[in-house]
Amino acid sequence: MTSFVHSHRLSRMAYRALWSLPLPIWLVGFFLGPMILLVWLSFWDVRNFLMTPDFQLANWQKILSANYFWAAYMRTFIIAMSASALATLVALPCALAISFFLSHRARLIILGLFVVPFFTSYLVRIYSWQIYLTENGIVMKTLAAIGMETGSLLNTPLALMVGLVTLTLPLVIVIQSISMLSLDRTLIDAAYNLGCGPRRVLFATVLPATRPGIVLGALFAFIFSFGDFVTATYLGGGKFTTLSILIADTVKSGQQWPRAAVVALMMIATLLVTALASITYAYRRA
Amino acid sequence: MRVSQTTRRLTIAFVGLALIFLYAPILTNFVFSLNSDRFPTIPLGDFTLDWYRLILADALVIDAFKNTIKVALIVAPIATAMGFAAAYADYRFDFIGKKLVLIFALMPPLIPLVVIGLSMLAYLSRIGLSGTLPAVIVSHIVLTSPFAMAIIRLRFSQIDGDLEFAAQNLGASNWRAFREVIIPATKTSILAALLLCMAVSFDEYAVTWFVGGLEETSSVRILSFLQSAVSPRINAIGSITFVTSISLILGAQFLVLRRLTKEAS
């Protein structure tokens, strides 16, 4: 009897382990492992073009005292912040319409339409934007046809924003919409009953109540823009070197992986701080 | 909200503009893939299938397509199985630190791809895997399993948690209850997760470029085309990838939404 109970408990534990462990084990092996190596790698030495395990601070000193690193850092940060703000502003009216002005059926279809681009080749879409924005591209020909001459739009901050909003808008709209859809509708009715006009309802009720969704959407837009290298490379024309480009170039050009690791860790640190700050702000009591 | 009909219409029109903005690059891609001019501009040249012929005669492109399919077909079932296991464990069991494990499992999509690419490259080259298809597969499982877990967990949250216990009370073993209650209830979301993982694996280029070495997938091939010069071949190969990933995503959405609307009615 005891052995039966014992084996029963064993099989229950095995059953639990079978479900609970595979993904965590895989991620420890192939996600956490690489991340820990990345930290260690940042202290390695490169001798005669060969990486050697070591524990020295030279890579950190080299990168953190380099002007080109800080220039790229500030540029990446400002670009990501602007893209995040722009995507948030464009998404807000969309999320409002989706959550409040559309029927249930239309809402599902429109949200579905916003999800599709998020999962389709970003590379090819950026290439298409090149076609639009290039010197003889569609946009400039159209502008010229109505008598407005402009220089090439490629390699401008505008082109960067077009690319990054393409990347982030779907995600921000979906997050904001989910947040607005879960809003308690009686709040809005109460505001109307207390005599608020639509504008007041929006600014005093809807927006404050959906702050977590708006902030989280902006955070995701920031994270994605901060890590992107495609937009800056193919719409910025290499004029706007970002941290991701710095990493890709360093890796491509040879053995300076330890320095690239320092840049990568600075990126992660920045994202962690930004994420913590925005989550604290999002859920702080008003 | 009680707003004027004009405001209502204007905001809905704004949604239309946002959709046009997001779909415009996809549409131009299709248009120019069928256009004879070397440089994509208006007015359009003649209708042609030359760019498709060109890429389908390109051994590098064909090899890349083969690799893409191989990778996706191996990645999707493994990532879905692991995502399912994690979602089921979260739904069924309680243990200390569960929240932390979940956050950890959802992390990979939030870390910049170049950072994951660099760390994977360093790690996999130390265990002798970098530059191989298994390296691509291993990394894609890391990148896609969070999506599988999320979509299947969403389904679990709609299932009545007592059903499985009821089955067990009626004498079903763990496995029997699992087979007869859990599997039928989650079937469609498992299929949806498979499609979604394939779509994500299909379009991934950054990490693949780092760890794949000479083994290219079609997305990495597009990246190399982009690096060389403007070429209408990108439109052709892009159209093929668009059709594939859009079908996969629409399929996944259909499966998820059909379940939602069925429950609503």
Side-chain angles (χ1 to χ4, degrees), chain A residues 15-16 19-20 22-24 26-27 30-31 33-35 37-38 41 90 93-94 96-98 100-101 108 110 112-113 115-117 119-125 127-129 131-132 136-138 141 166 169-170 188 192 198 201 223 226-227 229 234 244 247-248 251 257 260-261 264 267-268, chain B residues 1-3 8 11-12 14-15 18-19 22-23 25-26 28-29 32 39-42 82-83 85-86 88-89 93 95 101 104-105 108 110-115 118-123 138 141-142 145 149 174 199-200 203 205 210 219 222-223 226 234 238 241-242 245-246 249-250 253 257:
Chain A
Y15 185 79
R16 280 180 75 133
W19 297 114
S20 315
L23 185 61
W26 188 278
L27 290 178
F30 294 112
F31 177 60
M35 288 297 158
L37 176 65
L38 188 71
L41 185 67
V90 175
C94 297
L96 281 169
I98 290 169
F100 298 111
F101 304 151
L108 283 180
I110 299 284
L113 283 175
V115 171
V116 171
F119 290 105
T120 51
S121 175
Y122 182 54
L123 273 181
V124 182
R125 286 186 287 150
Y127 172 70
S128 288
W129 278 124
I131 296 179
Y132 273 99
N136 288 310
I138 302 169
K141 285 242 166 143
T166 303
L169 188 63
I188 298 173
Y192 278 117
V201 171
I223 291 176
F226 194 74
F229 71 97
Y234 298 107
S244 297
I247 293 177
V251 171
W257 295 2
M267 288 180 80
I268 293 191
Chain B
M1 282 210 291
R2 294 167 225 181
V3 294
R8 209 173 270 261
T11 28
I12 292 177
F14 193 76
V15 174
L19 281 173
L22 288 173
Y23 281 88
I26 301 178
T28 36
N29 185 266
F32 286 116
F39 291 100
T41 186
I42 41 174
M82 285 203 291
Y88 180 64
F93 311 124
F95 48 90
V101 174
F104 174 56
L110 298 180
I111 304 289
L113 291 165
V114 275
V115 174
L118 171 65
S119 65
M120 282 280 187
L121 173 62
Y123 188 79
V138 160
I141 292 173
V142 170
S145 53
M149 181 178 96
N174 263 336
V200 173
D203 286 328
Y205 51 85
F210 273 94
S219 315
I222 294 172
L223 194 64
L226 266 173
I234 298 176
T241 64
F242 275 137
S245 35
I246 289 177
I249 293 307
L250 286 180
Q253 284 190 359
L257 289 182

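Treat the numbers as computed from the prediction; the structure is a model and nothing was measured.
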Once you measure the plane-to-plane angle for F93(B) and Y88(B), does it fall in the parallel (<30°), tilted (30-60°) or perpendicular (>60°) bin?
perpendicular
Interface moiety of V251(A) toward chain B, non-hydrogen atoms closer than 4.5 Å:
side chain
Judged by modelled atom types alone, do T166(A) and W129(A) share a side-chain donor-acceptor pair under 3.5 Å?
yes
Check each atom of I111(B) against the heavy atoms of chain A and say whether the ones under 4.5 Å are side chain, backbone, both or neither.
side chain
Is it the backbone or the side chain of Y205(B) that comes under 4.5 Å from a heavy atom of chain A, or both, or neither?
side chain
With a 4.5 angstrom heavy-atom cut-off, is it the side chain or the backbone of V200(B) that approaches chain A, or both, or neither?
side chain
Top contributor to chain B contacts, counting heavy-atom pairs under 4.5 Å, from W26(A), W257(A), Y122(A)
W26(A)
Drop me the distance from I246(B)'s CD1 to T241(B)'s OG1, to the nearest 0.5 angstrom.
9.0 Å
Region of I223(A) in contact with chain B, defined by heavy-atom distances below 4.5 Å:
side chain
Distance, nearest 0.5 Å, that separates OG1 of T11(B) from CZ of F100(A)
11.5 Å
Over all atoms of both residues, closest heavy-atom pair of A264(A) and L38(A)
CB-CD2, 4.0 Å
At a 4.5 Å cut-off on heavy atoms, which part of L123(A) comes close to chain B: side chain, backbone, both, or neither?
both
What part of F119(A) gets closer than 4.5 Å to chain B, counting heavy atoms only: side chain, backbone, both or neither?
both
Chain B contact via L169(A) - side chain, backbone, both or neither, heavy atoms under 4.5 Å:
side chain
Per-residue contact mode, V101(B) against chain A (heavy atom under 4.5 angstrom)
side chain
Result for side-chain contact (heavy atoms from CB on, under 4.5 Å) between L113(A) and one of L19(B), L22(B), V15(B) points to L19(B)
With chain B, the option among V90(A), I98(A), L41(A) that has the most non-hydrogen atom pairs under 4.5 Å is V90(A)
For S244(A) and G227(A), indicate whether the former's side chain and the latter's backbone hold a donor-acceptor pair under 3.5 Å.
yes
Nearest non-hydrogen partners of A260(A) and I247(A), listed with the distance
O-CG1, 4.0 Å
For a quick test of reading the model, state the closest non-hydrogen atom pair linking L27(A) to P108(B) and the distance between them.
CD2-CG, 4.2 Å
Please determine, among I141(B), L250(B), I26(B), the option with the most heavy-atom pairs under 4.5 Å with chain A.
I141(B)
Among the options G83(B), A105(B), P25(B), P112(B), pick out the one with the most heavy-atom pairs lying under 4.5 Å from chain A.
P25(B)
Heavy-atom cut-off 4.5 Å, strictly under: side chain, backbone, both or neither for F30(A) against chain B?
both
